[in-house]
Amino acid sequence: MHTLLRTLAAGALTAGLALTGAALAQDYPTKPVTVVVPFSAGGPTDTVARLIAEVMSQDLGQQVVVQNVGGAGGTLGAGQVATAPNDGYTLLVHHIGMATAPTLYRSLPYKPETDFAPIGLITAVPMTLVARKDFEPNTLAELAAYIKANGENVTYAHAGIGSASQLCGMLLMDALDAPMTTVPYQGAGPAMTDIIGGQVDMICDQSTNTTSQIRAGEVKAYAVTSPERLATLPDLPTTAESGLEQVQVTVWHGLYAPAGTDAAIVTRLETALQKAMADATVISRFAELGTTPVTAAEATPDALAKQLASQIALWRGVIEAAGVYAD
Ligand code: MLT
């Protein structure tokens with residue numbers, strides 16, 4: 001009798017928990033949702049996150065609030081979300097850094113493929129090689145020769161080991177076989193301020209953070225790292241057409257929740273993300289910044305999981321060959 005009661009009680013508890021999970025998911029969200037951006041405010045990832053957060057807020061009927069947690073090339077903020085409650089109220093917008101960190105950091109405190117519930121891809125942003133406006137070289141060929149000749153006297157800004165700007169810099173230094181002096185920041189936002197101010201020589205940064213500065217002549221631009229030229233910067237050659245095809249990278253971004261987040265909540269967030277991808281304001285603002293939202297088929301958990309897995313494998317080989325590690 002006693003065992004039967006215990007079994008019944010256990011069964012009731014499980015049913016109760018499932019019911020609560022489903023009930024919770026049904027009413028989700030009932031309060032504001034936080035999206036962690038693992039870099040400083042005002043930078044490229046922040047720009048992308050704030051644009052989609054606006055539209056997702058409208059669809060979810062609750063504020064989607066961006067919280068900037070910079071540091072350690074994005075791994076600090078990502079680590080914070082990996083250990084956050086999986087109730088749907090703490091999310092992460094992160095980029096290609098999710099795929100490079102497992103190789104760059106040999107003691108990374110989280111596993112990108114298992115500690116997160118992917119919600120969907122967002123966009124893939126081309127990068128641009130830019131420098132302070134009074135920097136001597138005028139073309140990519142001149143820049144390459146200048147870096148080879150001056151090496152560590154050239155200062156290269158980046159947003160920490162694990163950031164996109166660090167990855168692109170690593171590809172450039174590897175291709176030229178010429179190390180520069182790297183200057184880390186908590187994000188590309190403050191790095192760009194110092195480039196414009198002339199305190200640092202150069203950076204490879206996302207078009208979402210450089211397009212308006214390039215157009216305003218506040219920085220000198222050398223090339224874009226995408227296979228094709230950008231409609232927004234038609235005169236800017238690609239690295240490939242300038243003889244540096246090894247320096248090709250686009251910065252894909254994704255939205256994540258902590259692992260174990262209820263499937264119904266993940267689906268609700270996927271729907272809101274897809275609304276943002278089809279939103280006219282997001283489409284036009286992304287276009288002004290040299291990028292596009294992904295398709296509905298890409299703004300899905302499955303597509304993000306596949307992208308993450310294939311990119312971890314791709315960059316492992318490149319990073320190990322370059323021998324650049326954070327620890
Ligand atoms: C940022 O938002 O600051 C960037 O994504 C930094 C980077 O990865 O280069």
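Numbering of ligands and ligand atoms starts at 1, following listing order. All values below were derived from every heavy atom in this structure, side-chain atoms included, with hydrogens, water molecules and symmetry-related copies excluded.
- At the top of the distance list for atom 2 (O) of ligand 1, counting protein heavy atoms only, stands T45 N, 2.9 Å.
- Every atom of ligand 1 is numbered from 1 in the order shown, and the set under 4.0 Å from a heavy atom of H95 is 5 (O), 7 (C), 8 (O).
- Taking CD of Q206 as the reference point, atom OG of S163 lies at 9.0 Å (rounded to 0.5 Å).
- Salt-bridge check for D59 with R268: passed, with a basic side-chain N closer than 4.0 Å to an acidic carboxylate O.
- Ligand 1 lies less than 4.0 angstrom from a heavy atom belonging to P44.
- Donor-acceptor pairing under 3.5 Å is recorded for the side chains of T128 and T210.
- Aromatic pair F39/H94: ring centres closer than 6.0 Å.
- Counting protein heavy atoms only, atom 6 (C) of ligand 1 is closest to A159 CB, 3.4 Å.
- At least one side-chain heavy atom of L108 sits less than 4.5 Å from a side-chain heavy atom of T75.
- Given atom 3 (O) of ligand 1, the protein heavy atom at minimum distance is A188 N, 2.7 Å.
- Residue-ligand proximity, G187 to ligand 1, at heavy-atom distances under 4.0 Å covers atoms 3 (O).
- Ligand 1 has a nitrogen or oxygen under 3.5 angstrom from a nitrogen or oxygen of A164.
- Not a single N or O atom of S40, backbone or side chain, sits closer than 3.5 Å to an N or O atom of ligand 1.
- Atom 9 (O) of ligand 1 has as its closest protein heavy atom S165 OG, 2.6 Å.
- In summary, the atoms of ligand 1 found under 4.0 Å from a heavy atom of Q206, numbered by their order in the structure, are 4 (C), 5 (O), 7 (C), 8 (O).
- D201 is not listed as a side-chain neighbour of Y156, based on a closest heavy-atom distance of 4.5 Å or more.
- For the pair D46 and R50, the salt-bridge criterion is met [side-chain N within less than 4.0 Å of a carboxylate O].
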